[in-house]
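First up is the structure itself, then whatever we jot down about it.
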Amino acid sequence: MSGITPANGATDSMAVVAPNLESTPSIIAAHAPQVKDDDESMSEDDKPLMKKQQRQQNNKRVGGGTSSSEDEKPLNKRPRASNGAANKKRRVVDSDSDESDAGPSVKKEAEPTPKTNGTSKPRSSTTRKPVIPSSDSELSEDEKPLAKRATANGNGTAKAKPKPNTKAAKKAPSSDEDESPSEDSESSEDEKPLAKKKAPAKPRQSTSSAKATPKSKVKAEPESEDDDDVPLAKGKAKGQAKPAAKDKKPVIKKEKKVKEEEDEEDKYKWWEQEALGDGEVKWTTFEHNAVLFPPPYVPLPKNVKMKYDGVALTLPPESEEVAGFFGAMIETDHAQDAKFRENFFKDFKAMLEQYPPKENVKVKSLDKCDFKPMFEHFEREKEKKKAMTKEEKKAIKEAKDKMEAPYLFCVVDGRKEKVGNFRAEPPGLFRGRGEHPKKGTLKHRLCPEDIIINIGKDAPVPVPNIPGKWKGIQHDNTVTWLAHWKENVNGNAKYVFLSAGSSWKGQSDRAKFEKARELIKHVDKIRKDYTEDLKSKVMADRQRATALYFIDRLALRAGNEKGEDEADTVGCCSLRYEHVTLSPPNTVVFDFLGKDSMRFFQEVQVDAQVFKNIKLFKAEPKKKGDDLFDRLTTTLLNKHLNSMMPGLTAKVFRTYNASWTFQKQLKHTPKNGTVAEKIAAYNTANRDVAILCNHQKSVSKTWDVSKTKHEDKIRALKYQRMKLRLQLFSLDPKIKKKRPDLAEDESDMDEEFCERHEKELLEKALDTAQKKFDKDNVKLEEEGEKKKDKKDLEERLKEIKEEFKELKKERKSRKVEPRRAATEEKLLEQIQKMDERIATAKVQLEDRDKLKDVALGTSKINYIDPRITVAWAKKYDVPLEKLFSKTLREKFPWAEAEADKGWIF
DNA sequence: AATGTAACTTAGGATTCTTGTT
DNA sequence: AACAAGAATCCTAAGTTACATT
């Protein structure tokens with residue numbers, strides 16, 4: 001698919017299999033909670049239990065499961081259109097003040113409660129149902145499948161291409177009418193949606209340079225007493241130079257000999273110490289080599305030139321490099337993208353202005369640019385590289401490793417630590433995701449003058465590997481970065497940090513999970529409180545409670561405001577009117593682009609009060625483009641959370657719910673299964689979490705093809721099975737009676753397939769014979785013997801063809817002569833084996849299908865407490881390396897050290 | 001309160017490496 | 001031995017959060 005994206009996120013990946021049309025929102029399977037329609041009933045709700053109860057129900061419903069109660073049945077989906085209508089009539093009323101609590105709604109239009117289920121509609125097969133996080137208490141219950149909200153992810157996955165939604169409206173709201181919300185009477189005036197929270201959109205221009213200098217700490221390069229500019233060679237010894245004066249953490253004995261020191265270092269168990277927080281001193285001595293700049297641009301060979309309107313252009317290296325950036329991408333989707341092209345061309349033209357082609361041609365249109373020659377040159381280079389001998393490759397690799405060696409590690413308080421992204425980002429074209437307004441923009445080449453380094457006062461100042469002086473050198477020991485610069489495209493800061501396996505990262509990572517575990521202790525109360533607040537008279541509180549409900553139940557991100565020059569994506573607090581649609585009685589349809597422009601599309605059954613609230617938040621003067629939660633910001637939300645539990649913020653819920661869900665789902669692990677079965681259960685739990693967090697991956701372009709291949713493989717197995725069966729029947733016609741199950745034909749075995757399959761088999765057989773013949777001859781020749789005659793080969797081929805004619809006959813007659821030595825027992829046994837193989841292959845295919853658009857890695861790396869995995873591995877006796885790759889194990893040494901099989905999150 | 005800055009975590013896609021097949 | 005599929009790693013974009021400044 002070319003870069004063209006369907007206008008409406010909806011259809012997107014057509015190439016891909018996903019059959020279901022999104023237009024038909026799949027049904028939610030939800031169960032129907034008993035909706036309470038009026039607030040009165042709500043009061044009930046206040047009781048703690050209630051909420052749980054509901055949740056349980058949700059969980060239960062696992063997919064369409066068998067459970068009997070009617071509410072287990074999927075409730076039909078209501079097309080938006082229709083519900084619109086439905087709504088219409090009731091709408092206004094809703095906002096009514098209701099008695100006791102501000103709760104809106106008048107009971108009048110009582111929603112039809114659950115009964116609706118009756119009409120069940122089949123759920124689309126691809127529907128995914130996220131597992132919904134629940135509180136402990138319900139554990140037992142949740143052993144049951146949880147279904148809960150079924151998402152209609154239609155093909156879900158899709159990365160929907162965003163529909164540009166003008167955000168113009170958003171901020172620019174009709175501020176004035178702020179007041180008007182009319183009588184929605186909800187209550188105090190603050191109930192009225194406030195029109196816009198922000199008025200004038202202020203373009204924030206990133207003026208780079210200028211006041212750039214960050215904290216005063218930065219010293220200008222010159223004055224830094226970098227007397228000894230020597231890069232630190234090999235870290236070691238030197239750190240000690242200045243004994244950490246008052247080191248907070250005991251620096252390990254520095255006197256050791258190098259070798260021992262290394263060991264020591266390996267053994268440093270940072271997790272046995274206190275984690276340090278924000279703003280605290282993180283180090284006493286700090287040595288490193290900052291960043292490694294990429295090699296300078298090497299001009300292309302003289303004969304490689306782009307063309308403009310047919311004429312080859314001789315470009316100076318500066319502009320040639322930029323042309324090359326695009327040239328390398330002409331076959332990618334980016335090169336077809338209008339915005340990308342526009343931005344690229346603007347920068348390219350500017351570059352040409354300064355570094356024009358020798359030919360004195362004015363480049364005016366990107367369409368007339370032909371980068372093919374460059375592209376082909378790059379392809380050739382790639383080929384060349386691939387074709388190099390092992391030795392050549394090795395030599396290159398060695399040279400590269402040598403160059404990088406000094407940057408791989410740094411020394412913190414005398415300990416060697418691995419550096420993460422030490423390579424300065426090379427120049428190129430900005431690949432923003434989704435509808436990023438800046439995509440295609442030229443990202444400049446960095447030089448030392450762009451980079452500020454942070455390093456120990458007494459550490460030698462590293463010498464850049466290209467000419468130039470650092471922009472600044474600072475010695476801030478309350479931060480953990482080695483280098484930092486501002487990128488020109490968006491004006492964003494970039495940092496060089498230590499690797500994921502370093503103690504700094506490990507400490508904060510562990511602290512993150514500990515914080516999430518702490519939430520376990522508070523979550524019941526928090527849930528109870530926000531459930532209560534759903535009915536608050538204070539609009540801001542009600543919005544906050546509703547948002548929190550989403551964050552907790554749907555694992556939404558906080559959702560900060562974004563700027564005009566960024567992709568239009570949202571999170572919870574920044575949801576807008578058009579992102580949620582109501583479908584009575586209690587379904588909310590979410591459809592928006594989240595982080596990385598990944599589409600979040602789910603139909604969710606919510607508490608009646610939540611449903612009412614959304615209706616209220618979308619009430620009258622509000623329209624498309626307005627914030628759903630106009631009284632809420634992430635700051636407000638986090639402030640509130642912080643008051644409920646120190647350090648609590650919105651993101652903690654994602655971590656908590658992810659880990660909690662994972663642990664819960666792992667309970668489905670078969671105790672006596674094989675290792676493979678256990679791992680499958682592990683992966684299933686992992687998948688549940690990924691779905692909860694909406695972690696998607698794009699479906700590979702060749703997925704379709706590979707799927708067909710797998711299907712054909714299964715059909716081939718079925719074909720074999722059919723042959724076995726037919727033999728069996730020839731042997732003993734009565735078997736059909738005895739084993740009616742065997743009398744049944746394999747599915748998918750139509751004539752057309754058989755013919756095609758047999759043809760393929762024939763070709764393969766011929767090919768094999770040919771190869772064998774060639775090989776034999778080579779061998780014979782080597783041994784000095786006479787080669788076989790070509791006639792032999794031809795004869796053999798003819799034989800094969802004859803054999804296959806047999807197959808054709810069999811196909812027509814549907815009779816197969818038993819092969820020699822075939823007996824009834826043997827055949828039955830073979831059929832049984834075949835059945836197993838078919839079953840296995842089918843399961844595999846299904847698994848592949850389920851994972852085709854779900855990314856498991858992100859949750860494993862960032863959300864699931866690694867100790868859960870370690871404990872599980874120990875408990876079920878599965879080798880950890882089957883669950884964690886090498887880098888993950890390096891990232892989580894602390895988990896292996898502290899979790900035994902009884903550990904729980 | 002709105003903006004802006006700083007520092008750090010989280011994220012999917014591209015690239016490279018490994019492994020299983022033919 | 002060649003290749004292709006999948007897993008792992010690399011890369012850097014895109015979030016969150018706290019705090020400073022206007």
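Numbers restart at 1 for each chain; the letters A, B, ... are given by sequence-line order, proteins then strands. Source: prediction; values computed, not measured.
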Please give, in whole Å, the distance from B/dT10 P to A/Asn694 CG?
-> 16 Å

Below 6.0 angstrom between ring centroids: does that apply to A/Phe344 and A/His334?
-> no

Determine the contact category for A/Thr635: base if any of its heavy atoms lies under 4.0 Å from a base atom, sugar-phosphate if only primed atoms, P, OP1 or OP2 are that close, otherwise nothing.
-> nothing

May I ask you to check whether A/Trp504 and A/Phe286 place their ring centers less than 6.0 Å from one another?
-> yes

Under the side chain to side chain donor-acceptor pair (under 3.5 Å) criterion, do A/Thr633 and A/Glu561 qualify, and how do the steps go?
-> CA-CA 8 Å; A/Thr633 64; A/Glu561 289 294 328; over 6 Å; no

A/Asp509 bridged to A/Lys512 by N-O distance under 4.0 Å | yes

Is the distance between the ring centroids of A/Tyr682 and A/Phe662 under 6.0 Å?
-> yes

Between B/dG12 atom C1' and A/Leu593 atom CG, what is the distance in whole Å?
-> 15 Å

Base versus backbone protein contacts along nucleotides 9-17 of chain C [heavy-atom cut-off under 4.0 Å; B, S, -] | S-SBSBSBB

Indicate, with yes or no, if the rings of A/His288 and A/Phe422 have centres closer together than 6.0 Å.
-> no

Verify the contact: side-chain N or O of A/His484 to OP1 or OP2 of B/dA6, cut-off strictly under 4.0 Å; return yes or no.
-> no

A/Lys764 NZ to B/dT21 C1', in whole Å, measures 11 Å

Ranking A/Cys693 and A/Leu636 by the position along DNA chain B of their nearest nucleotide, the one closer to 5' is A/Leu636

What's the CZ-P distance between A/Arg510 and B/dT9, to the nearest Å?
-> 15 Å

How about A/Met388 and A/Lys385: do any of their side-chain heavy atoms sit closer than 4.5 Å?
-> yes

Paired with A/Thr569, the side-chain hydrogen bond (donor to acceptor under 3.5 Å, both in side chains) test is passed by just one of A/Lys562, A/Glu435, A/Arg433, namely A/Lys562

Here the distance between atom P of B/dT15 and atom NZ of A/Lys385, to the nearest Å, is 11 Å

Tell me which of A/Tyr495 and A/Lys891 sits closer to the 5' end of DNA chain B, going by the nucleotide each one is nearest to.
-> A/Tyr495

A/Arg889 atom CZ, neighbour heavy-atom count above 12 within 6.0 Å | yes

What is the nucleic acid contact for A/Phe497, judged by heavy atoms within less than 4.0 Å: base, sugar-phosphate only, or nothing?
-> base

Consider only side-chain N and O atoms of A/Arg848 and A/Ser706, and report whether a donor and an acceptor are under 3.5 Å apart.
-> yes

What's touching nucleotides 4-6 of chain C from the protein side, N or O pairs under 3.5 Å?
residue : atom : partner  : partner atom : Å
C/dA5   : OP1  : A/Lys709 : NZ           : 2.8
C/dG6   : OP1  : A/Arg848 : NH1          : 2.5

If only side-chain N and O atoms of A/Arg599 are considered, is one of them under 4.0 Å from the OP1 or OP2 phosphate oxygen of B/dG12?
-> no

Separation of C/dA7 atom P from A/Phe884 atom CZ, nearest Å, is 17 Å

A/Lys505 vs B/dT9: side-chain N/O to OP1/OP2 distance below 4.0 Å = yes

Grab the NZ-C1' distance between A/Lys400 and B/dC17 for me, whole Å please.
-> 12 Å

Rounded to the nearest angstrom, tell me the gap between atom CD in A/Glu331 and atom P in B/dT15.
-> 13 Å

Looking only at side-chain N and O atoms, does A/Ser508 come under 4.0 Å of OP1 or OP2 in B/dC8?
-> no

